[in-house]
Amino acid sequence: MYVFVYGTLKSGCVNSNLLNNADFISSASTVDEYTMLDFGIFPGVVEGNTSKIYGEVYDVYSKTLVSIDEFEGVWFCRDEVRLDNNMIAYMYFLVQIPDAFENKYDIVESGNWIC
């Protein structure tokens, strides 16, 4: 299974260790445009047409996918997206803005969050 990550799971970011057992495939971007929100310590992607989202693709085992699902919690859900490298991968979408971050975010116009 392929997972496309754009935030704290990217290589060199604070939670990249969750992908220690995954194989890095490539850097990529989404074909479709979405809106990326920056909460300072993490980003979230929602439906919208601000920009393509830039990140990394990993080949993960089902056990790793379960761990990521648990890490992302109730605020995120995964759905398939098309990538510019002709792959289909799971990407995590923000479904609920945590109360502590309500109205406390910026839009990442470039679609490229830097950790």
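Worth knowing before you read on, the calculation uses all heavy atoms, side chains too, and leaves out hydrogens, waters and symmetry mates. Worth saying up front: this structure is predicted, and the values here are computed from it rather than measured.
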*More than 12 heavy atoms of other residues, nucleotides or ligands under 6.0 Å from CG of Asn49: is that the case?*
no
_More than 12 heavy atoms from other groups under 6.0 Å of CG on Asn21_ = no
So, does [X] use its side chain to make a donor-acceptor pair with the main chain of [Y] at under 3.5 Å?
X	Y	value
Thr30	Ile53	yes
Tyr6	Tyr92	yes
Ser110	Asn112	yes
Lys10	Trp113	yes

Within the 4.5 Å heavy-atom criterion, are [X] and [Y] side-chain neighbours or not?
X	Y	result
Phe39	Leu94	yes
Glu109	Thr50	yes
Phe71	Leu9	yes
Ser16	Tyr58	no
Phe4	Val45	no
Tyr105	Asp38	no
Met87	Ile25	yes
Arg78	Phe93	no

Closest non-hydrogen atom pair between [X] and [Y], with its separation:
X	Y	value
Gly48	Thr35	CA-OG1, 3.5 Å
Gly7	Cys13	O-SG, 3.6 Å
Thr8	Pro43	N-CD, 4.4 Å
Ala89	Leu83	CB-CD1, 3.8 Å
Lys52	Glu33	N-CG, 3.8 Å
Leu19	Thr64	CD2-CG2, 4.2 Å

Can you get from [X] to [Y] by hopping between Ile, Leu, Val, Met, Phe, Trp and Tyr side chains that sit under 4.5 Å apart?
X	Y	result
Val66	Tyr2	no
Val81	Ile88	no
Met36	Ile107	yes
Val31	Tyr54	no
Met91	Met1	yes

*Does the ring centre of Phe42 sit less than 6.0 Å away from the ring centre of Phe101?*
yes
*Atom CG of Asp69 and atom OH of Tyr90: how far apart are they, to the nearest 0.5 Å?*
9.5 Å
*Taking atom types as modelled, find out whether Ser29 and Asp84 have a side-chain donor-acceptor pair closer than 3.5 angstrom.*
yes
